[in-house]
Amino acid sequence: MSSPTKFRVIQWATGGVGKAAIECVLNHPELELAGCWVHSADKNGVDVGHILGRDPLGIAASNNIDDVLAIDADCVMYSPLVPNDEEVIAILRSGKNVVTPVGWVYPDLDNPRVRAIADAAAESGVTLHGSGIHPGGITERFPLMVSSLSSAVTHVRAEEFSDIRTYNAPDVVRHIMGFGGTPEEAMLGPMASLLEAGFKQSVRMIADHMGFRIDPNIRTIQDIAVATGDIDYEPMTIAPGTVAARRFRWQALSDGEPVITAAVNWLMGEDNLEPAWEFGEQGERFEVEITGDPSVSLTFKGLQPQTIAEGLQRNPGVVATANHCVNAIPYVVPAEPGIKTYLDLPLIAGRA
């Protein structure tokens, strides 16, 4: 691993998060872009600047994993749609640190798959750090920080309220999130299992660090609202009777009572829904609430776009997800080898 004046970063995948991550690297005074892996053959050999819609950067994207791993770099910002353990192990074995928003926020080291990744990092002298926003910040990092203002805490809640019409990934919205399909398809689809892996880690981090004695099983609750009329989502129309809103709750219980709740509310707007869900007076937001002495609440605004059109162009929540990862790189590279969480790293800050 090189020791330059700037840490050299490879971006892995160039979806919304990946593009935002490259922009953050270019803005960061301690980082420089070294390379870029792309999934699509259409992007292979294309200048990364063109992928971003800006002037050339003199760095060509590649869909050849071996070529990308051969690049001299300190860290990979790993943000594919779905993580691949073997890819991550290969990156770590190549001597590169990894930051990522797609897992490992608070992994169980007794899990053999996690252990294999931790061993690859330790044996290669590098670090993996899971970050992001929800999970990966709003759900555990910020509740832990806010909880220091309270005592005798009885409940911790982190919750998202978002208009999913601003999410410019129609294939994901339809086929993974389940919007526009039948309620039965959505309930049997992959979204709950994809989400719960991360959110349950967040809940366990809070329980472990704050000393809650929780029941072994974390409760998962799903609710669905359907459209009562056509709902216009730019890439497609949500027809009556199909899924137009989803709610997920993950609750840690103590003696049968919830003590930690992580929650997601995704709505295709507030009109034509059954049940008639709405965001409430504060609109789209993220909330953190600590119930204790005193009870403290914190509302995050600005992580959702002002308009649907703005969100389809550049969603600030997606950008914040990328930034939270990239801003961790100067702290992750010098960290001790292995999988490291927020609890293991210094306070992470952005840069002027």
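Quick note: numbers below take in every heavy atom, side chains included, and nothing from hydrogens, waters or symmetry partners.
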Practice prompt. Before accepting this row, confirm whether a basic side-chain N of the pair E23/R314 lies closer than 4.0 Å to the acidic partner's carboxylate O.
Written response: yes
Worksheet entry | Salt bridge present between R8 and D74 (N-O < 4.0 angstrom) | no
Discussion item. Can you tell me how the ring of F300 sits relative to the ring of F142, calling it parallel under 30°, perpendicular over 60° and tilted otherwise?
Written reply: tilted
Worksheet item: Between V173 and L81, is there a shared hydrophobic cluster once you connect ILVMFWY residues whose side-chain heavy atoms come closer than 4.5 Å?
Response: yes
Practice prompt. Is it possible for you to check whether R247 lies under 6.0 Å from the centre of the six-membered ring of W266, through NZ or CZ, and within 45° of that ring's axis?
Written response: no
Fill in: ILVMFWY cluster membership beyond L312 - transitive side-chain contacts under 4.5 angstrom
I308
Worksheet entry | Verdict with reasoning, R204 to E140, per salt bridge (charged side-chain N to carboxylate O under 4.0 Å, His left out) | CA-CA 9 Å; R204 293 192 189 283; E140 65 295 298; over 6 Å; no
Discussion item. For L31 and I329: C-alpha separation, side-chain torsions, deciding distance, then whether side chain to side chain contact (heavy atoms under 4.5 Å, CB included) applies.
Written reply: CA-CA 8 Å; L31 306 177; I329 292 173; 3.7 Å; yes
Worksheet entry | For H134, side chain to side chain donor-acceptor pair (under 3.5 Å) partners two or more places apart | T139
Discussion item. Tell me whether the rings of H39 and W37 are parallel (<30°), tilted (30 to 60°) or perpendicular (>60°).
Written reply: perpendicular
Discussion item. Would you say L109 ends up clustered with I117 if hydrophobic residues are merged whenever their side chains have heavy atoms under 4.5 Å apart, either directly or through other cluster members?
Written reply: yes
Worksheet item: Using the benzene-type ring in the case of Trp, are the ring centres of Y342 and H129 under 6.0 Å apart?
Response: yes
Item to complete: Verify salt bridge (charged side-chain N to carboxylate O under 4.0 Å, His left out) between R157 and E289, making sure each step is shown before the conclusion.
Response: CA-CA 5 Å; R157 177 178 63 89; E289 181 181 53; 3.1 Å; yes
Practice prompt. Quick one: pull up CD1 in I231 and CG in L273 and give me the separation to the nearest 0.5 Å.
Written response: 5.0 Å
Worksheet item: Is the NZ or CZ atom of R165 positioned over Y233's six-membered ring, under 6.0 angstrom from the centre and within 45° of the axis?
Response: no
Discussion item. Same cluster or not: L298 versus I206, using hydrophobic residues (I, L, V, M, F, W, Y) connected whenever any side-chain heavy atoms lie under 4.5 Å apart?
Written reply: yes
Worksheet item: Is it true that the side chains of N265 and E159 contain a donor and an acceptor less than 3.5 Å apart?
Response: yes
Worksheet item: Looking at residues at least two apart in the chain, or sitting in another chain, which of them share a side chain to side chain donor-acceptor pair (under 3.5 Å) with N323?
Response: none
Practice prompt. Please determine if R174 and E185 form a salt bridge, counting it only when a charged side-chain N lies under 4.0 Å from a carboxylate O.
Written response: yes
